[in-house]
Amino acid sequence: MVLKEIPLQSDPRLLVGRESFDDAGVFLVAPDLALVQTVDFFAPIVDDPYTFGQIAAANALSDVYAMGGQPLTALSIVAFPTADLPLSVLTDILRGGQDKVHEAGAHIVGGHSVVDTELKYGMSITGRAHPDFLLTNKNARPGDVLILTKPIGTGALTTAAKKGIIGADVLAPAIESMLKLNGNASRAALAVHSRCATDITGFGLLGHALNIARGSNVTIEFTAASVPLLPGAIEAVRAGGVPDGGKRNRAFVEEFLSWEGVEEDMKLLLVDPQTSGGLLVAVSPDRADKFMSRVEGATVVGRVAAFSGTYLNVQ
């Protein structure tokens with residue numbers, strides 16, 4: 001809605017812009033080289049500063065992986081309440097971010113900070129990709145199977161933890177999942193000749209799947225019972241761990257989907273905003289097993305069909 005009145009840029013070197021709702025922009029700089037660029041930052045979702053820094057970095061890096069790119073450099077973005085928190089907290093956040101960026105084989109080359117009343121942290125990431133081997137929202141084809149590489153439920157679990165509904169032991173698997181980079185899944189997608197993927201982050205599974213469905217003009221069919229959940233996610237939702245972002249996600253996708261026999265708790269998780277979630281990859285059926293053999297925890301959650309008048313069908 002906000003961008004409707006802002007004209008789109010036209011340049012043959014701009015291979016992927018904002019019009020396709022992809023996870024990052026892609027700009028051609030040489031016949032065999034394109035730059036992948038993205039930015040992401042948010043307020044803490046966990047208490048430990050070092051862990052928060054790692055998660056925020058993994059989340060930002062994921063956008064490059066979702067496009068089939070390899071991260072090269074990162075710029076840190078910080079809003080920090082100097083009157084309320086010691087600078088040692090910021091040091092730990094930055095150290096966590098740097099360690100995760102180095103794990104990805106990339107480098108932090110600078111950043112920018114402002115004094116604010118609320119702590120926020122994230123990164124702008126630049127990566128590289130071959131222009132002939134990109135993963136975008138536009139390339140899902142009828143007959144493809146949809147594979148999800150991480151379980152969902154981080155939004156519900158972190159919200160429940162903030163409200164004191166669950167303890168650190170229940171949140172631990174979600175933290176472990178958020179710390180995991182999507183680099184291996186991205187490389188596996190390219191290895192099986194997939195050309196379509198997205199990472200599951202703030203818009204939830206259905207929101208990001210909708211971007212693929214609209215970009216590719218297809219119908220995506222999900223089997224709700226096949227979608228992997230983090231331990232304790234259902235219980236967190238039932239206890240009141242429903243983030244406001246999930247409510248907004250649901251309101252947005254409702255007009256584009258049909259539900260059939262899906263329980264309310266599961267509906268809430270399918271629109272649950274994720275942080276550093278997995279990749280949703282469209283793979284040819286004859287290559288699905290090869291992809292899953294390369295990516296631990298990957299699960300078939302649906303399929304791509306010819307457009308039937310509804311972008312998303314969930315049963």
Side-chain angles (χ1 to χ4, degrees), residues 2-3 8-9 14-28 34-42 55-75 77 100-101 104 106 122-131 133-140 144 146-150 152 154-155 177-178 180-190 194-216 218 220 245 249 252-253 271-283 295 301 304 311:
V2 175
L3 297 176
L8 290 168
Q9 292 179 301
L14 184 60
L15 303 183
V16 180
R18 62 179 171 88
E19 67 280 355
S20 59
F21 304 101
D22 268 288
D23 300 293
V26 181
F27 194 85
L28 187 70
L35 294 183
V36 184
Q37 295 180 292
T38 185
V39 61
D40 207 318
F41 69 109
F42 49 88
I55 291 172
N59 186 78
L61 290 160
S62 184
D63 285 339
V64 172
Y65 291 133
M67 305 301 297
Q70 173 61 40
L72 295 174
T73 61
L75 295 167
I77 303 167
K100 190 56 65 171
V101 167
M123 289 181 172
S124 172
I125 309 290
T126 297
R128 61 175 173 82
H130 194 291
F133 302 97
L134 296 173
L135 302 170
T136 78
N137 287 338
K138 293 182 177 181
N139 289 324
D144 285 348
L146 288 168
I147 301 174
L148 182 63
T149 65
K150 290 186 186 181
I152 62 173
T154 62
S177 178
M178 290 186 286
K180 183 179 179 181
L181 293 174
N182 283 322
N184 180 56
S186 177
R187 292 185 290 271
L190 294 175
S194 172
R195 294 294 175 262
C196 177
T198 186
D199 68 332
I200 308 305
T201 51
F203 296 130
L205 178 60
L206 294 187
H208 287 281
L210 176 61
N211 288 338
I212 289 179
R214 295 168 76 180
S216 300
V218 295
I220 289 180
N249 288 344
F252 177 73
V253 301
V271 295
D272 185 48
Q274 304 300 286
T275 300
S276 189
L279 298 188
L280 181 67
V281 185
V283 180
V295 183
V301 294
V304 179
Y311 283 119

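Quick note: numbers below take in every heavy atom, side chains included, and nothing from hydrogens, waters or symmetry partners.
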Where is the tightest heavy-atom contact between Gly202 and Asn249, given as atom of each residue plus distance? O-ND2, 2.9 Å
Counting N and O atoms only, with roles assigned by atom type, does the side chain of His208 sit under 3.5 Å from a partner on the main chain of Ile200, one being a donor and the other an acceptor? no
I'd like to check the side-chain contact (heavy atoms from CB on, under 4.5 Å) partners of Ser276; sequence neighbours left out, ordered by chain and number. Ala58, Asn59, Lys150, Met178
List the atom of Phe42, the atom of Thr275, and the distance in Å for their closest heavy-atom pair. CZ-CG2, 3.7 Å
Search all heavy atoms of Phe133 against all heavy atoms of Leu190 and return the closest pair with its distance. O-CD2, 3.5 Å
Does Lys138 NZ have over 12 foreign heavy atoms under 6.0 Å away? no
Should we say atom CZ of Arg128 is surrounded by more than 12 heavy atoms from elsewhere, each under 6.0 Å from it? no
Between atom OG of Ser62 and atom CG of Leu181, what is the distance when rounded to the nearest 0.5 Å? 8.5 Å
For Phe27, what residues pass the ring-ring contact (aromatic ring centres under 6.0 Å, His included) criterion, not counting sequence neighbours? none
About how many Å separate CD of Gln37 and CG of Leu72, when rounded to the nearest 0.5 Å? 10.5 Å
Could you verify whether a donor N or O on one side chain and an acceptor N or O on the other, from Asn137 and Ser20, lie under 3.5 Å apart? no
Under the side-chain contact (heavy atoms from CB on, under 4.5 Å) test, residues paired with Leu35 that sit two or more places apart: Val29, Thr126
Taking only residues two or more places apart in sequence, or in another chain, which ones meet Phe41 in a ring-ring contact (aromatic ring centres under 6.0 Å, His included)? none
Rounded to the nearest 0.5 Å, what separation is found between the CG atom of Asp23 and the OG1 atom of Thr198? 3.5 Å
Over all atoms of both residues, closest heavy-atom pair of Ser124 and Ile77: N-CD1, 4.0 Å
Minimum heavy-atom separation for Leu279 to Thr149, with atom names? N-OG1, 2.8 Å
Sequence neighbours excluded, the answer for ring-ring contact (aromatic ring centres under 6.0 Å, His included) partners of Phe252 is Phe256
Could you walk me through whether Ile147 and Leu280 pass the side chain to side chain contact (heavy atoms under 4.5 Å, CB included) test, one step at a time? CA-CA 6 Å; Ile147 301 174; Leu280 181 67; over 6 Å; no
If only atom types and distance count, is the side chain of Asp272 paired as donor or acceptor with the main-chain N or O of Gly155 below 3.5 Å? yes
Exactly one of Asp63, Asp40, Thr38 clears side chain to side chain contact (heavy atoms under 4.5 Å, CB included) with Ile125, and that residue is Thr38
Looking at Thr136, is its backbone amide N or carbonyl O close enough to the side chain of Asp22 to form a donor-acceptor pair, meaning the two atoms are under 3.5 Å apart? no
Rounded to the nearest 0.5 Å, how far apart are OG of Ser177 and CD1 of Ile152? 11.0 Å
Any donor-acceptor pair under 3.5 Å from Gln70 side chain to Gly183 backbone: no
Start with the C-alpha distance between Ile212 and Ser216, add both sets of side-chain angles, then the distance that settles side chain to side chain contact (heavy atoms under 4.5 Å, CB included), and finish with yes or no. CA-CA 6 Å; Ile212 289 179; Ser216 300; 4.2 Å; yes
Which value, rounded to the nearest 0.5 Å, describes the distance between Asp144 atom CG and Arg195 atom CZ? 12.0 Å
Does Ala189 offer a backbone N or O that forms a donor-acceptor pair with the side chain of Ser194 under 3.5 Å? no
What are the two closest heavy atoms between Asn182 and Gly278, and how far apart are they? OD1-CA, 3.8 Å
Could you work out, with salt bridge (Lys or Arg N to Asp or Glu O under 4.0 Å) as the rule, every residue matching Lys100, not counting sequence neighbours? Glu103
Can you confirm whether the side chains of Gln274 and Thr201 place a donor and an acceptor under 3.5 Å from each other? no
Evaluate the criterion side chain to side chain contact (heavy atoms under 4.5 Å, CB included) for residue pair Met123 and Val101; output intermediate values, then yes/no. CA-CA 10 Å; Met123 289 181 172; Val101 167; 3.5 Å; yes
